[in-house]
There are 2 protein chains.
Amino acid sequence: MSLSDKVSFRDIKAQILARIRDRVWAPGAIMPGEVELSHEFGCARATVNRAMRELADEGFIDRRRKTGTRVNANPIRQAKFEIPLVRVEIEASGAAYRYALVSCESPPTPDWLRARLGLGPDDKVLHLQCMHYADNAPFQFEDRWINKATVPDIDCSDFETLSPNEWLVNQVPFTEAEISFSATAANESNADLLALPVGEPVFTAERITWLKTRPITFARMFFGRGYRMTTRF
Amino acid sequence: MSLSDKVSFRDIKAQILARIRDRVWAPGAIMPGEVELSHEFGCARATVNRAMRELADEGFIDRRRKTGTRVNANPIRQAKFEIPLVRVEIEASGAAYRYALVSCESPPTPDWLRARLGLGPDDKVLHLQCMHYADNAPFQFEDRWINKATVPDIDCSDFETLSPNEWLVNQVPFTEAEISFSATAANESNADLLALPVGEPVFTAERITWLKTRPITFARMFFGRGYRMTTRF
DNA sequence: CAGTGGTCTAGACCACCAG
DNA sequence: TGGTGGTCTAGACCACTGC
């Protein structure tokens with residue numbers, strides 16, 4: 001490191017984090033402003049700004065105009081989970097991926113779904129169920145409803161060999177999504193498909209997507225035994 | 001909007017996203033470079049840079065020197081979950097929070113824990129179990145091990161009224177964390193505390209934290225019936 | 001009103017890497 | 001080796017908000 005080296009926003013982030021960790025600036029306390037720090041570190045204010053902005057995004061500090069920047073007392077750390085396609089997730093684990101369509105039909109729209117997605121009285125839906133296997137072991141059972149009003153050119157034949165998951169990604173962009181995770185008990189239909197006893201705990205994901213304000217699809221995904229969703233930071 | 005208004009990186013992000021959504025730039029295709037876009041939008045390159053950098057962070061595009069920027073074919077969208085303190089989570093829901101210590105002791109370190117945390121043969125641990133209630137209903141059962149080598153000044157008396165969760169946040173900063181979620185079956189000890197039948201599905205979180213390379217704590221958190229972790233984007 | 005963060009600019013140099 | 005993204009600078013003006 002020579003004197004001519006420019007100071008990077010990464011160095012500044014690390015410095016600030018170290019000072020927070022070592023309680024140089026106590027939780028809840030105001031820390032120096034951008035101008036002061038840029039003098040101390042001998043760099044431009046923009047550089048300090050980027051460092052502090054990223055720290056704020058990551059939940060370490062709280063920034064407010066006029067008041068200044070405060071060290072976050074209860075760091076609401078946020079965990080990021082990557083949500084890849086099932087196929088990609090399975091292939092990344094080194095296993096062979098296999099897809100199978102279980103059923104596909106166009107039933108009358110159930111009331112609960114109408115309520116959940118905010119569908120109009122005449123909106124039709126497609127209902128399909130399919131399986132994703134990893135090395136021929138059941139990995140995920142997918143139970144999906146698709147709004148025909150938003151996705152008109154759709155037909156069960158589309159899903160003979162391609163998962164709806166992937167078909168939708170390629171055909172219908174979405175702008176909003178809601179995901180939730182929970183633990184449910186295997187019922188008769190998914191216990192059978194996942195090769196589990198009825199009542200067994202199943203890691204379950206629900207996902208709704210919209211294009212602007214128009215609902216596209218509602219999906220429930222039931223994962224096979226022992227599934228874990230993990231992240232590090 | 002007047003001609004004199006400066007172009008914001010937000011506008012540019014929105015524009016680019018719209019073009020990706022509308023397949024103006026197809027998935028997998030190279031999109032124009034920063035210089036070209038800055039001319040088109042009539043702004044500085046730095047502004048385009050910030051817009052594109054954020055889109056890259058969010059997983060929409062893939063940037064490489066020399067090659068240029070590519071629209072991501074399989075958008076590995078990442079879901080961010082906020083991981084607040086249990087107390088904060090409960091209070092935010094409008095419920096009254098209550099904490100209760102179930103047990104606290106210093107047993108011989110179990111081998112599985114030694115392996116899991118990479119503890120040395122002489123490292124001692126503290127084991128404690130506690131409950132978090134929301135409006136007096138069981139919300140979360142916490143089963144935690146703390147490494148005394150990393151956290152020397154620790155004693156069961158610290159946790160009579162303050163949850164270990166909160167104590168650690170205030171006393172011991174961490175640098176690394178690993179979190180994983182799964183669905184498990186209630187066993188006899190947690191079924192009783194959570195007021196659930198044995199075998200009932202339980203949403204379960206495991207968390208390990210380190211200070212640099214030294215393990216601090218391993219915790220398992222079992223959530224009461226119907227718990228959901230939700231996010232939107 | 002005044003102080004702090006938020007953003008944009010114009011220009012510069014650097015780092016990486018495909019051809 | 002040239003082209004593209006990555007970053008820093010110095011300066012400017014704006015926007016929000018506590019006093």
Side-chain angles (χ1 to χ4, degrees), chain A residues 1-17 19-20 25-73 75-76, chain B residues 1-17 19-20 25-73 75-76:
Chain A
M1 187 163 82
S2 73
L3 286 175
S4 65
D5 283 346
K6 288 188 179 167
V7 180
S8 160
F9 73 96
R10 294 168 201 283
D11 304 331
I12 299 185
K13 272 183 78 170
Q15 274 292 325
I16 294 178
L17 265 182
R19 291 187 194 179
I20 291 176
W25 299 318
I30 293 280
M31 50 184 275
E34 297 188 348
V35 182
E36 188 174 340
L37 287 176
S38 68
H39 290 152
E40 182 194 334
F41 290 119
C43 66
R45 181 167 79 98
T47 307
V48 175
N49 179 277
R50 176 156 180 197
M52 294 179 86
R53 178 157 38 82
E54 293 196 357
L55 288 170
D57 286 344
E58 291 159 20
F60 291 103
I61 59 181
D62 194 29
R63 317 196 73 195
R64 283 183 150 166
R65 285 162 166 153
K66 170 75 178 179
T67 313
T69 299
R70 213 172 264 284
V71 177
N72 226 319
I76 300 184
Chain B
M1 187 163 82
S2 73
L3 287 174
S4 65
D5 284 346
K6 288 188 181 168
V7 179
S8 162
F9 74 95
R10 294 169 201 283
D11 304 331
I12 299 184
K13 273 182 77 171
Q15 274 292 324
I16 294 177
L17 266 181
R19 292 185 193 181
I20 291 175
W25 300 317
I30 294 281
M31 49 184 276
E34 296 188 350
V35 183
E36 187 174 339
L37 286 176
S38 68
H39 290 153
E40 182 195 333
F41 290 119
C43 67
R45 181 167 79 99
T47 307
V48 175
N49 180 279
R50 176 157 180 197
M52 294 179 88
R53 178 159 36 82
E54 293 196 357
L55 288 171
D57 286 344
E58 291 159 20
F60 292 103
I61 60 181
D62 193 29
R63 317 197 73 196
R64 285 185 152 170
R65 284 163 168 153
K66 171 72 180 179
T67 315
T69 299
R70 214 172 263 285
V71 176
N72 226 319
I76 299 185

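Just so it is clear: chains get the letters A, B, ... in the order the sequence lines come, proteins before strands, and each one is counted from 1.
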Q: Verify side-chain contact (heavy atoms from CB on, under 4.5 Å) between A:V7 and A:I12, making sure each step is shown before the conclusion.
A: CA-CA 8 Å; A:V7 180; A:I12 299 185; 3.8 Å; yes
Q | Full working for side-chain contact (heavy atoms from CB on, under 4.5 Å) between A:V71 and A:M31 | A | CA-CA 7 Å; A:V71 177; A:M31 50 184 275; 4.3 Å; yes
Q: Give me the residues of residues 31-46 of chain A where at least one heavy atom lies under 4.0 Å from an atom of DNA chain D, by number, or none.
A: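 A:C43, A:A44, A:R45, A:A46, in order of number.
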Q.
I'd like to check the side-chain contact (heavy atoms from CB on, under 4.5 Å) partners of B:L17; sequence neighbours left out, ordered by chain and number.
A.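 Result, side-chain contact (heavy atoms from CB on, under 4.5 Å) vs B:L17: B:L55, B:F60.
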(Q) What I'd like to find out is whether the side chain of B:E58 reaches to under 4.5 Å of the side chain of B:K13, using heavy atoms alone. (A) yes
Q) Which residues pass the salt bridge (charged side-chain N to carboxylate O under 4.0 Å, His left out) test with B:R53, sequence neighbours left out? A)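 Counting only residues at least two positions away or on another chain, B:R53 forms no salt bridge (charged side-chain N to carboxylate O under 4.0 Å, His left out).
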Q: Without swapping roles, check the side chain of A:N72 against the backbone of A:G59 for a donor-acceptor pair under 3.5 Å.
A: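 Checking the backbone N and O of A:G59 against the side chain of A:N72, a donor-acceptor pair under 3.5 Å is found.
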Q.
Treating A:T67 as the side-chain partner and A:R64 as the backbone partner, does any N or O pair qualify as donor plus acceptor under 3.5 Å?
A. no
Q: Quick one: list whatever passes side-chain hydrogen bond (donor to acceptor under 3.5 Å, both in side chains) with B:T69, sequence neighbours left out.
A: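 So B:T69 forms a side-chain hydrogen bond (donor to acceptor under 3.5 Å, both in side chains) with B:R63.
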Q.
The criterion is side-chain hydrogen bond (donor to acceptor under 3.5 Å, both in side chains); which residues satisfy it with B:E40, sequence neighbours excluded?
A.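 side-chain hydrogen bond (donor to acceptor under 3.5 Å, both in side chains) list for B:E40, sorted by chain: B:R19.
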Could you pull out every donor-acceptor pair under 3.5 Å between side chains of residues 43-50 of chain B and any protein atom, sequence neighbours left out?
unit_1 : atom_1 : unit_2 : atom_2 : d
B:R45  : NH1    : B:E34  : OE1    : 2.6
B:N49  : ND2    : B:E34  : OE2    : 2.8
B:R50  : NE     : B:E54  : OE2    : 3.1
B:R50  : NH2    : B:E54  : OE2    : 3.4

Restricting to nitrogen or oxygen on both sides, can you table the protein-nucleotides 16-18 of chain D pairs closer than 3.5 Å?
unit_1 : atom_1 : unit_2 : atom_2 : d
D:dC16 : O4'    : A:R65  : NH1    : 3.2

Q.
What range of DNA chain C does chain A touch, first nucleotide to last, counting atoms under 4.0 Å from its heavy atoms?
A. C:dA2 to C:dT7
Q: Measure the distance from CG on A:N49 to P on D:dC14 and round it to the nearest whole Å.
A: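 Spelled out: CG on A:N49 to P on D:dC14 is 18 Å.
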**Q.** Most 5' of B:R53 and B:G68 on DNA chain D, judged by nearest nucleotide
**A.**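 Result of the comparison: B:G68.
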